[in-house]
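Notes for the one structure printed next.
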Amino acid sequence: MKNFKFILGVGVFAAASFFFLSADHIDAPAVQGGTSDITDFYAFQGEDTNNLVFVANVQGLLSPTASASASFDENVMIEFNIDNTGDNVEDLVIQAIPRDGKMYFFGPVAPGTTGLSSRVMTDATQTVVDITAYGESAMTETSNGITAFAGPRDDPFFFDFNQYSAIIAGDATAFNDPGTDTFAGTNVMSIVVEVPKSMIGGTGTINTWVESKSK
């Protein structure tokens, strides 16, 4: 564990922003234009139905040129939170921290602290994957039943912002079918982790959310 602590320079991370019910795509004032902004969070059953997949996308609206030089911020940790008891407090976390071209995942594990500040759980199950460069085939790593990915991906979120603006202004009453994807051709930095359901526990229903936390 000392080796990981040395590599990561671990300390306390405090919440920079968090995502709960909707996408923000760099409109949160505290993080606008920064590396900690979360554009989307997805949680779904894996192709292997014994697994759950968690996805956090950050740094939205990257052009292909910007994607080639984009990188994860080594002072920002992405923390997936899992509540499996229904009290809206995280019982488990999965922490993702980039260092020197790799993404280090810790967990699922009970957090050292709950809430807006976190301690890196270096004694937890560890999964390390090389960060995929823009234009390269996706590189994944599987260990202890957990599969992980990190790197640039096409922004999966579809939203017709111009039509939305027209509706808000009272100049339209509905979205067009088909609409125009405002985010077409833009990319995000994506963090993906697939975890066996047996590591999540609980009764089959979970609450889950994601935070970006700055060191």
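Source: prediction; values computed, not measured.
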- Task: List the steps and the verdict of side-chain contact (heavy atoms from CB on, under 4.5 Å) for M199 and L52.
- Result: CA-CA 10 Å; M199 291 186 173; L52 289 175; over 6 Å; no
Nearest 0.5 Å please: distance from the [atom1] atom of [X] over to the [atom2] atom of [Y].
| X | Y | atom1 | atom2 | answer |
| --- | --- | --- | --- | --- |
| Q163 | I168 | CD | CD1 | 11.0 Å |
| T182 | D160 | OG1 | CG | 5.0 Å |
| F105 | F149 | CZ | CZ | 9.5 Å |
| K213 | I97 | NZ | CD1 | 11.0 Å |
| N88 | N81 | CG | CG | 11.5 Å |
| T208 | F44 | OG1 | CZ | 12.0 Å |

Considering only heavy atoms from C-beta outward, does the side chain of [X] approach that of [Y] to under 4.5 Å?
| X | Y | answer |
| --- | --- | --- |
| F72 | I131 | yes |
| F175 | I167 | yes |
| V120 | Q95 | yes |
| T132 | R153 | yes |
| P108 | I200 | yes |
| V58 | S212 | no |
| I94 | I82 | yes |

Would you name the heavy atoms of [X] and [Y] that are closest together and state the gap between them?
| X | Y | result |
| --- | --- | --- |
| I146 | G107 | CD1-O, 3.4 Å |
| M103 | P98 | SD-N, 3.5 Å |
| S117 | T113 | O-OG1, 2.9 Å |
| G46 | V53 | CA-CG2, 3.8 Å |
| N207 | G86 | ND2-CA, 4.1 Å |

Name the atoms and distances for all side-chain donor-acceptor pairs under 3.5 Å in residues 183-197, with sequence neighbours left out.
residue: T186; atom: OG1; partner: F183; partner atom: O; Å: 2.6
residue: N187; atom: ND2; partner: S67; partner atom: OG; Å: 2.8
residue: S190; atom: OG; partner: N57; partner atom: OD1; Å: 2.7
residue: E194; atom: OE2; partner: N51; partner atom: ND2; Å: 2.9
residue: K197; atom: NZ; partner: Q45; partner atom: OE1; Å: 2.6
residue: K197; atom: NZ; partner: T49; partner atom: O; Å: 2.8

Shared hydrophobic cluster for [X] and [Y] (ILVMFWY, side-chain gaps under 4.5 Å):
| X | Y | value |
| --- | --- | --- |
| M121 | V76 | no |
| F54 | V109 | no |
| W209 | V89 | no |
| M139 | V128 | no |

- Query: Crowded around F158 CZ? As in, over 12 foreign heavy atoms under 6.0 Å?
  - Reply: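 Check passes, neighbour count above 12.
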- Do side-chain atoms of E141 reach the backbone of D130 as a donor and acceptor pair under 3.5 angstrom? no
- Message: I'd like to know if the side chain of Q126 reaches the main chain of S143, judged simply by a donor and an acceptor atom lying under 3.5 Å from each other, with no hydrogens or angles considered.
- Response: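 A pair under 3.5 Å: no.
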- In terms of ring plane angle, is the pair Y104 and F106 parallel, tilted or perpendicular, where the classes change at 30° and 60°? parallel
- Look at the aromatic rings of F80 and F41 and report parallel, tilted or perpendicular, splitting at 30° and 60°. tilted
- Message: Run the side-chain contact (heavy atoms from CB on, under 4.5 Å) test on L116 and E211 for me, step by step, so that the C-alpha distance in whole Å, both residues' side-chain angles and the decisive distance to 0.1 Å come before the verdict.
- Response: CA-CA 9 Å; L116 298 182; E211 297 170 298; 3.9 Å; yes
- Can you spot which of T140, T142, D48 makes a side chain to side chain donor-acceptor pair (under 3.5 Å) with T147? T142
- P64: partners by side-chain contact (heavy atoms from CB on, under 4.5 Å), with sequence neighbours left out: Y134
- Task: List the steps and the verdict of side-chain contact (heavy atoms from CB on, under 4.5 Å) for D40 and D155.
- Result: CA-CA 9 Å; D40 287 295; D155 191 337; 4.0 Å; yes
- Query: Using a distance-only test with no angle check, is there a side-chain donor-acceptor pair under 3.5 angstrom linking T125 and N144?
  - Reply: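 No - no donor-acceptor pair under 3.5 Å links their side chains.
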- Is it the case that T85 and D83 place a side-chain donor and acceptor less than 3.5 Å from each other?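 Result is yes, a qualifying pair exists.
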- Message: Please enumerate all residues that pass salt bridge (Lys or Arg N to Asp or Glu O under 4.0 Å) together with E90, with sequence neighbours excluded.
- Response: none
